[in-house]
Amino acid sequence: LTAVTGQVRDAAGRGVALARLVLTTTLDGALRRHMTWSGPDGAFALRLPGERPDTIGGDPPWRVTRNLDLHVPRAPLA
C-alpha cells in the first residue's frame, strides 16, 4: 500500500476545502483511477492499493505513469 498525503492551498496559502483530486495511474498496463476530496483545512490523502515497495526508502521496482487532476470550487463554500 502506498499513500500520498498533502494539503491543497490557494495563492494566499489558505487551505482549500472540498477540492477534488483524481490520480490516474498506469501500472502493468492497467489504468487505475483514485479519487479523494480535501478536508476543511485542505488536507487530503490518496490510498494506492496494490503498490507496495519491497524496501523502505528505496525506489519501487515498477514503472508507473501518473497524472494528477485537481478541481477546486469556484467560490468559497460556507
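A quick note: this is a predicted structure, and the numbers were derived from the prediction, not measured.
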Please lay out, stage by stage, how L21 and L68 fare under the test side chain to side chain contact (heavy atoms under 4.5 Å, CB included).
CA-CA 7 Å; L21 296 95; L68 178 65; 4.3 Å; yes
Can you name the closest pair of heavy atoms from S38 and V16 and give their distance?
OG-O, 2.7 Å
Which residues pass the side-chain hydrogen bond (donor to acceptor under 3.5 Å, both in side chains) test with R9, sequence neighbours left out?
Q7
Does D69 reach the side chain of H71, with side-chain heavy atoms less than 4.5 Å apart?
yes
Can you list everything that forms a side chain to side chain contact (heavy atoms under 4.5 Å, CB included) with V4? Sequence neighbours excluded, please.
F44, L46, L48
Are R32 and T25 linked by a side-chain donor-acceptor pair shorter than 3.5 Å?
no
Spacing of CG belonging to L23 relative to CG belonging to N67, to within rounding of 0.5 Å
8.0 Å
Besides M35, the hydrophobic cluster formed by Ile, Leu, Val, Met, Phe, Trp and Tyr side chains linked at under 4.5 Å, directly or via other members, contains V22, W37
Does anything in residues 12-26 pair up under salt bridge (Lys or Arg N to Asp or Glu O under 4.0 Å), and if so which pairs, sequence neighbours excluded?
D10-R14
For the student: nearest non-hydrogen atoms of A17 and P73, plus distance
O-CG, 3.6 Å
